[in-house]
*Asks:* 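Supplied in structure tokens, the structure appears directly below.
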Amino acid sequence: MSADTAPLATAATSGRPMVEAQGVHKWFGKLEVLQGIDLEVQPREVMCLIGPSGSGKSTFLRCINHLEKVDAGRLSVDGALVGYREVGNKLHELRDREVAKARQDIGMVFQRFNLFPHMTALGNVMEAPIKVRREPKGEVRARAEQLLERVGLSDKLASYPAQLSGGQQQRVAIARALAMKPKLMLFDEPTSALDPELVGEVLEVMRDLASDGMTMIVVTHEMGFARRVADRIVFMDQGVVAEAGPPSTVLENPATARLRQFIQQVGEH
């Protein structure tokens, strides 16, 4: 297994879920966006979250690395509570510094690439390991070059974001997340901002990660990708898990009219 996925060995042999959600609720004002999510993701599993806009998929993803705070319930990654410490029977919110440290183990790729425009592709990938983890520059550079080669951009090390296509920028963003050696990767509709002809190159990188054993949670509308890559598909609707199971069951034999309607509307790419 490659160096950038090495932390998986520890997580995979721990005997516990990589992600565990128990009765997770989230409100935005009076709107309850997550209405009691119970979900487990096992080490090395690829889970795809599908569902209509506003169903809570992206919010749940953001709760996993504490970009959004859970209002009720429990959420843990590799056995550690997300954003909180339990003392007795009470939960105490972690300090920002502690949250940031825990977040280092969780890679996240957004719809928008969020690259530093004044840095080259290589600089973007090297930035966090050097500045956050204080790793030696030479070691980080070698890993960054390896990762950019892995995502098919070995000829773009010195290119700035403005010189790259949307698909290339998203592949740099994936390499940047992998540079922190995460135990878990979160993807929030990573192809939704791309032109259709660029979608395939990003999905190919994600398929490679899945085959290499990376634990992944992917919010996507790419039903073809979900069918081919996911171990499990979770259909969310109105803040709840409405259906879950292997792709062959969820996509080919949906149990509810709501999911059948959704699949018909989205289609398969």
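Counting from 1, the numbers follow the sequence of the chain as shown. A quick note: this is a predicted structure, and the numbers were derived from the prediction, not measured.
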*Asks:* Got a salt bridge between Arg207 and Glu204, using NZ or NE/NH1/NH2 to carboxylate O under 4.0 Å?
*Replies:* yes
*Asks:* Within a strict 4.5 Å, meaning less than it, do heavy atoms of the Asp38 and Val241 side chains meet?
*Replies:* no
*Asks:* When you compare the side chains of Glu40 and Gln42, does any donor N or O come within less than 3.5 Å of an acceptor on the partner?
*Replies:* yes
*Asks:* Working to the nearest 0.5 angstrom, can you tell me the gap between Thr191 OG1 and Phe225 CZ?
*Replies:* 8.5 Å
*Asks:* With rounding to the nearest 0.5 angstrom, report the OH to CG distance, Tyr160 to Leu122.
*Replies:* 11.0 Å
*Asks:* Donor-acceptor pair, distance only, cut-off 3.5 Å: does the side chain of Arg232 make one with the backbone of Pro247?
*Replies:* no
*Asks:* Between the side chains of Ser55 and Asp237, does any donor sit under 3.5 Å from an acceptor?
*Replies:* no
*Asks:* Quick one: are His221 and Ile50 in side-chain contact, heavy atoms under 4.5 Å?
*Replies:* no
*Asks:* Just verifying a value: how many Å separate Phe28 CZ and Thr59 OG1, rounded to the nearest 0.5 Å?
*Replies:* 4.5 Å
*Asks:* Mark yes or no for whether Asn65, through its side chain, and Ile106, through its backbone, hold a donor-acceptor pair below 3.5 Å.
*Replies:* no
*Asks:* Within the 4.5 Å heavy-atom criterion, are Glu20 and Val77 side-chain neighbours or not?
*Replies:* no
*Asks:* Are Glu243 and Thr256 close enough that a side-chain donor and a side-chain acceptor fall under 3.5 Å?
*Replies:* yes
*Asks:* Taking salt bridge (charged side-chain N to carboxylate O under 4.0 Å, His left out) as the cut-off, I'd like each qualifying pair that reaches into residues 112-126, sequence neighbours left out, listed once.
*Replies:* none
*Asks:* Is a donor on one side and an acceptor on the other found under 3.5 Å between the side chain of Glu145 and the backbone of Ala142?
*Replies:* no
*Asks:* Look only at the side chain of Ser76 and the backbone of Gly79, and say whether a donor-acceptor pair between them is shorter than 3.5 Å.
*Replies:* no
*Asks:* Supply the atom-to-atom distance Phe113 CZ to Gln170 CD, rounded to the nearest 0.5 angstrom.
*Replies:* 5.5 Å
*Asks:* Output the distance between atom CZ (Arg143) and atom NZ (Lys181), rounded to the nearest 0.5 Å.
*Replies:* 4.5 Å
*Asks:* Sub-3.5 Å donor-acceptor pair from the side chain of Arg260 to the main-chain atoms of Pro254, do we have one?
*Replies:* yes
*Asks:* Salt bridge (charged side-chain N to carboxylate O under 4.0 Å, His left out): which pairs involve residues 47-70, sequence neighbours left out?
*Replies:* Lys26-Glu68, Arg62-Glu68, Lys69-Glu93
*Asks:* Mind checking what makes side chain to side chain donor-acceptor pair (under 3.5 Å) contact with Ser154, not counting sequence neighbours?
*Replies:* none
*Asks:* Determine whether the aromatic ring centres of residues Tyr84 and His66 are separated by less than 6.0 angstrom.
*Replies:* yes
*Asks:* Looking only at atom types and distance, does a side-chain atom of Gln169 sit under 3.5 Å from a main-chain N or O of Leu164, one as donor and one as acceptor?
*Replies:* yes
*Asks:* Counting only N and O atoms by type, is there a donor-acceptor contact under 3.5 Å from the side chain of Arg16 to the main-chain atoms of Asp78?
*Replies:* yes
*Asks:* Test your reading of the model: is there a side-chain donor-acceptor pair from Asn124 to the backbone of Phe116, 3.5 Å cut-off?
*Replies:* yes
*Asks:* Under 3.5 Å, is there a donor-acceptor pair linking the side chains of Gln35 and His25?
*Replies:* no
*Asks:* Test your reading of the model: is there a side-chain donor-acceptor pair from Asp231 to the backbone of Glu45, 3.5 Å cut-off?
*Replies:* no
